[in-house]
Amino acid sequence: MRVPRLPLIVVLSGIASLAMFLPVFHAVAVEDAQSARAFLLAGAFGVIGTTLLGLATSAAPVRNVSRSHLLTLVAAYTLLPVYLALPVQAAAGVSLPDAWFEMVSSLTTTGATLWRPLALPDTVHLWRATVGWLGGFLIWVAAFGLLAPMNLGGFEVTSTLRAGAGARPDRISAEEADRRLYRIAETLAPIYAGLTGLLWLALAIAGERPLTAICHAMSTLATSGISPTGGTAASVSGIPGEMIIFVFLVFGVSRATFWTEGRLPTWERLSNDPELRMATACVTLVPVLLFLRHWIGAYEGRLEADLGSAIGALWGSIFSLLSFLTTTGFVSAEWDTARWWSGLQSPGLILLAAALVGGGVATTAGGVKLLRVFALYKHGVREMERLVHPHSIGGAGREARRIRRQGAFIAWIFFMLFAISLAVCSGLLAATGMSFDEAMVLSVAALSSTGPLVAVIQQPEYSFALLTDWGKAIAAVAMVVGRMETLAIIALFNPEFWRG
């Protein structure tokens, strides 16, 4: 089967145009004429426009495939949201810049919002969740089909080639690159859609209303944290719904849970996966430490609690930690119990640290990624061993040695680039009139793709809506940088990348 040679941005625009008809059906069902008209006109305009654009550019030559695809990814996260925001502007009656910010946040799976849940129509909430779901699938396909061949996106930790080595124009033809992307998309689409549908059905059985169930299902698989109710804490399904979502959050921890080098996961690969083991350690040890700290506090004069509060506190910390580790941002209904139980003054900082660490490589999660943290951990363990036995030889095989050396080196470079990005973003936001702590939290939320983090760390009344226009633009750019990662952005400035 011959794959049509269409620019990737045209394909993405066409998919987005077709997706706009889903909110049309919902708006008609709930008798929201304004929203139905807005999405119908935008969808029809998009279908016609992308068809004409596809016909005009189908024969356009491509000299450097990696450059074309990487620039398309940048355009998808910056320019495509302008089109996605048009129906939001008409349906919700908001300004176009604010609607653009909302769509950038959704497409990058950040989930930051400018409005409270009741301020937007249900149809707009469905569209936000849909855009976030499509954005999650986009980064899935881009990770395997674009970033992996270029040794970016976390794959550089285990690769023997230098980061960005796949950007040379002579490595692959345009037709071969397109076939690879289409093949990966065809492989991942049934998995992504199937898991989303299964979670939707499970939440509906748990008692959730249909709109909230589908939004939470799409937000969980995309790790966007978009919710028409403000999160799982306000959901009808309660703790049973959180338990169901908890199971599906595992897919944001490691790519080995759904796909490994074209093969389905097996128990042996799952048990040996470093990202899954690190996530298990974090989700186990941190909640246990928070739980045990209550007993230390009891010796200081605090009252004991009943068994129900103890179980609720333990569950609230476990669910919330995994949610923020995958950069989803859902907070358990028992999180307040967990905060009281631990006795910490600022337990939200633990969730901030979890969001910074992030999920797995080639998943929809953001953050620094567990594999990079694992490489630095193994390097640190090896250096401590050498302090005791200076002449010892590290074992565990060639791959483990590569991760400890080259992998740790490139992971440290990424950490430094992430820290520089965080400092620059915080400084720019502070220049718009924000306090240092607010600028820092907003920067972490944007760069780690964890928008709901702001409501957990700051006061409940604080939100992205208090940003100035310049502040919103800075935060939006930070979301794109955090989603694409700094190494991929730097690859755009590689002279070899522009050769040919």
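Residues take their numbers from the sequence shown, with the count starting at 1.
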Walk me through it: do Q89 and D98 pass the test side chain to side chain contact (heavy atoms under 4.5 Å, CB included)? CA-CA 8 Å; Q89 179 193 18; D98 286 352; over 6 Å; no
Side-chain heavy atoms of L249 within contact of T328, under 4.5 Å: yes
Checking S237 side chain against L203 main chain: does a donor-acceptor pair fall under 3.5 Å? no
Specify the closest pair of heavy atoms between V444 and L352, including all atoms of both residues, with the distance to one decimal. CG1-CG, 4.0 Å
So, for L96 and V82, which heavy atoms are closest and what is the spacing to 0.1 Å? CD1-O, 4.4 Å
Verdict with reasoning, Y83 to M20, per side chain to side chain contact (heavy atoms under 4.5 Å, CB included): CA-CA 11 Å; Y83 167 58; M20 285 187 181; 3.6 Å; yes
Out of curiosity, T72 OG1 to L80 CG, how far, rounded to the nearest 0.5 Å? 11.0 Å
Closest heavy-atom pair and its distance - M278, V373: CE-CG1, 3.7 Å
Mark yes or no for whether S254, through its side chain, and A256, through its backbone, hold a donor-acceptor pair below 3.5 Å. yes
Minimum heavy-atom distance between G451 and F464, given as atom pair plus value: O-CE1, 3.9 Å
Just verifying a value: how many Å separate S13 OG and I9 CD1, rounded to the nearest 0.5 Å? 4.5 Å
The test is salt bridge (charged side-chain N to carboxylate O under 4.0 Å, His left out); show your working for K472 and E102 and say whether it passes. CA-CA 10 Å; K472 294 173 185 176; E102 196 78 17; over 6 Å; no
Kindly indicate whether the side chain of P121, heavy atoms from C-beta on, has any atom under 4.5 Å from the side chain of Q34. no
Take atom CZ in F415; do more than 12 heavy atoms of anything else shown fall under 6.0 Å from it? yes
Can you give me the closest heavy-atom contact between A217 and T196, atom names plus distance? CB-O, 3.6 Å
Check the orientation of Y192 and W133. Use parallel for under 30°, tilted for 30 to 60°, and perpendicular for over 60°. parallel
Can you confirm whether T130 sits close enough to I214 that some side-chain heavy atom of one is under 4.5 Å from a side-chain heavy atom of the other? no
Does the T223 side chain pair with the main chain of T220, one donor and one acceptor, at a distance under 3.5 Å? no
Are the ring centres of W140 and F251 closer than 6.0 Å? no
So do M440 and L422 actually touch side chain to side chain, heavy atoms under 4.5 Å? yes
Could you tell me whether the side chain of W100 and the main chain of T78 form a donor-acceptor pair under 3.5 Å? yes
Answer whether the closest heavy-atom distance between the side chains of T337 and W315 falls below 4.5 Å. no
H216 and F330 aromatic centres sub-6.0 Å: yes
With side chain to side chain contact (heavy atoms under 4.5 Å, CB included) as the test, pick out the partner of L146 among L73, I139, V141. L73
Looking only at non-hydrogen atoms, find the nearest pair between C215 and L126 and report the distance. SG-CA, 4.0 Å
Any chance you could measure M434, atom CE, to I474, atom CD1, to the nearest 0.5 Å? 10.0 Å
Under the criterion side chain to side chain contact (heavy atoms under 4.5 Å, CB included), I'd like the reasoning laid out for W127 against M103: C-alpha separation, chi angles, the key distance, then a yes or no. CA-CA 9 Å; W127 178 236; M103 290 298 98; 3.6 Å; yes
Indicate yes or no: at least one non-hydrogen side-chain atom of S219 is less than 4.5 angstrom from one of S224. yes
Got a second to check how far S95's OG is from L114's CG, nearest 0.5 Å? 8.5 Å
Backbone N/O of L221 and side chain of T364: donor-acceptor pair under 3.5 Å: yes
Would you find a donor on one side and an acceptor on the other, under 3.5 Å apart, between the side chain of E334 and the backbone of S317? no
Determine, step by step, whether T113 and S105 satisfy the side chain to side chain contact (heavy atoms under 4.5 Å, CB included) criterion, reporting the C-alpha distance in whole Å, the side-chain angles of both residues, the deciding distance to 0.1 Å, and the verdict. CA-CA 7 Å; T113 182; S105 172; over 6 Å; no
Excluding sequence neighbours, so at least two apart, what forms salt bridge (charged side-chain N to carboxylate O under 4.0 Å, His left out) with E275? none
Using a 4.5 Å cut-off on heavy atoms from C-beta on, say whether the side chain of T327 contacts that of T109. no
Listed by chain and number, what are the side chain to side chain donor-acceptor pair (under 3.5 Å) partners of T232, not counting sequence neighbours? none
Do any N or O atoms from the side chain of S323 and from the backbone of G329 form a donor-acceptor pair under 3.5 angstrom? yes
side-chain hydrogen bond (donor to acceptor under 3.5 Å, both in side chains) contacts touching residues 441-454 (sequence neighbours left out): S426-S443, S448-T450
What distance do F324 atom CZ and L453 atom CG have between them, rounded to the nearest 0.5 Å? 5.5 Å
Is there a side-chain contact between M484 and L70 (heavy atoms, below 4.5 Å)? yes
Neighbour count above 12 (heavy atom, 6.0 Å) for W200 CH2: no
Approximate separation, where rounding is to 0.5 Å, of R372 CZ and E485 CD: 4.0 Å
